[in-house]
Participant: 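Just dropping this structure here.
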Amino acid sequence: MNDFWIKPGKPALFLAPMEGVTDGPMRLLFSELPGFTHLVTEFLRISQEPLPQRLYSKHAQELLSGSRTPSGKPVIFQLLGGNPEKMAESARRAVLAGAKAIDINFGCPAPTVNRNDGGATLLRYPERIEAIVSSMRKSVPEHIPVSVKMRLGWDNPNDLLENAKRAVNGGASWIAVHGRTKFQGYTPPAYWKPIGELRRAISIPVIANGEIWNMEDFYRCREETGCEHFMLGRGALANPFLAQQIIHCLEGLSPRGDTFPSEAQWQNLMDRFFEYCKQASDHPHYGLRRAKQWAGYVNRIFPIRVISELRRANSELEFRNTWHTAPLFLPASTPAGN
Ligand SMILES: Cc1cc2nc3c(=O)[nH]c(=O)nc-3n(C[C@H](O)[C@H](O)[C@H](O)COP(=O)(O)O)c2cc1C
């Protein structure tokens, strides 16, 4: 088994796939920070026909370098769709294009996606989940993991066990569970207990996901689920040092208190992010748009003193100058009191 696989006794920590957010530049940045063991691409939607092979590496540049980031972290390629044959052919093409692990999205709640027979809508049809996983599993070589990401259910959290068992029957390598139904959207809280019940009921690894914003959430989630593998999305964006603290704890190294980047470290992170955005896109405002989005995620949890100015910035230079004006955060808004 290569390091794309999840193994019992070796905790894994995933950067959650977030469409329009954890794209190439963001994955590159997070893969350079200590913490995450695996990253997952945003979903690639297969609605009509399987896409031409060249589009796979366009979606995730890492496919051109062994499906790894430059720092060597494994990147898992996520597909979304409801047709078993087309999904199988897409998985095959993704692997030919360089993917070393495939993930299937059964969690997306977006109405357009669901209307077009993709994402969370499949949670209403357990037998279709089995058919999709099974045909995708058969279409790629055995050494390629085929994993699943799902919510607790469409509108009923009790559907988790049946859906997950179908995925297991289909040959899923592991299952990541976002602890909410599609109907619950993104409204807190996330329900971790059913994830623990699932972990005890099935034999493949279960990855716990949803609403882990700090170490206290992580400890509670671990206690409620008994999981050894976790996935972080928005919490990692708000505090890029959270993943490192969690992996330290998972690997039995002495846990430290909540740590948070210093202002100088935030400046360095943002500078690097702009740099990676520039490498990824020629669009003049790409970096600015993405930096504003990231600042928005940070500000939700750790209020930024200059957030209005950042939002109003008309150029990268203006944004960066504002980001560099200390203090960045409101007094006492951050764990380290930066
Ligand atoms: C803007 C946004 C985009 C997302 N895109 C995806 C996606 O492409 N694939 C997927 O499986 N989940 C997607 N998700 C769900 C996240 O992977 C994750 O399950 C969810 O945010 C809960 O985890 P968190 O509380 O740690 O953020 C997305 C979530 C958000 C907020």
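Counting starts at 1 for both ligands and their atoms, in listed order.
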Participant: Check step by step if salt bridge (Lys or Arg N to Asp or Glu O under 4.0 Å) holds for Lys73 and Glu32.
Facilitator: CA-CA 9 Å; Lys73 298 264 171 78; Glu32 289 176 346; over 6 Å; no
Participant: Considering only protein heavy atoms, which is closest to atom 7 (C) of ligand 1, and at what distance to one decimal place?
Facilitator: Pro17 O, 3.5 Å
Participant: Using a strict 4.0 Å cut-off to heavy atoms of Arg234, name the atoms of ligand 1 that fall inside it.
Facilitator: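 Answer, ordered by atom number: 21 (O), 24 (P), 25 (O), 26 (O), 27 (O).
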Participant: Quick one: does Asn114's side chain have a donor or acceptor within less than 3.5 Å of a partner on Gly118's backbone?
Facilitator: yes
Participant: For Ala16, take its heavy atoms, then give the atoms of ligand 1 lying under 4.0 Å from any of them.
Facilitator: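 So the answer, numbered in order with elements, is 17 (O).
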Participant: For Arg137, give me all partners under salt bridge (charged side-chain N to carboxylate O under 4.0 Å, His left out), at least two apart in sequence or on another chain.
Facilitator: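 Residues passing salt bridge (charged side-chain N to carboxylate O under 4.0 Å, His left out) with Arg137: none at all.
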Participant: Can you name the nearest heavy-atom pair linking Cys108 to Phe43, along with the distance?
Facilitator: SG-CE2, 4.1 Å
Participant: Would you say Trp213 touches ligand 1, if touching means a heavy atom closer than 4.0 Å?
Facilitator: no
Participant: Tell me, which pairs form a salt bridge (Lys or Arg N to Asp or Glu O under 4.0 Å) where one or both residues lie in residues 229-241, sequence neighbours left out?
Facilitator: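 Applying salt bridge (Lys or Arg N to Asp or Glu O under 4.0 Å) to every pair that reaches into residues 229-241, excluding sequence neighbours, yields Glu211-Arg234.
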Participant: Looking at atom 9 (N) of ligand 1, what's its closest protein heavy atom, distance included?
Facilitator: Gln78 OE1, 2.7 Å
Participant: Between Met18 and ligand 1, which part of the residue brings a heavy atom under 4.0 Å of the ligand: side chain, backbone, both or neither?
Facilitator: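 For Met18, backbone and side-chain atoms both sit under 4.0 Å from ligand 1.
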Participant: Would you indicate whether Lys165, at its atom NZ, is surrounded by more than 12 heavy atoms from other residues, nucleotides or ligands within a distance under 6.0 Å?
Facilitator: no
Participant: Ligand 1 versus Phe106, non-hydrogen atoms closer than 4.0 Å: side chain, backbone, both, neither?
Facilitator: neither
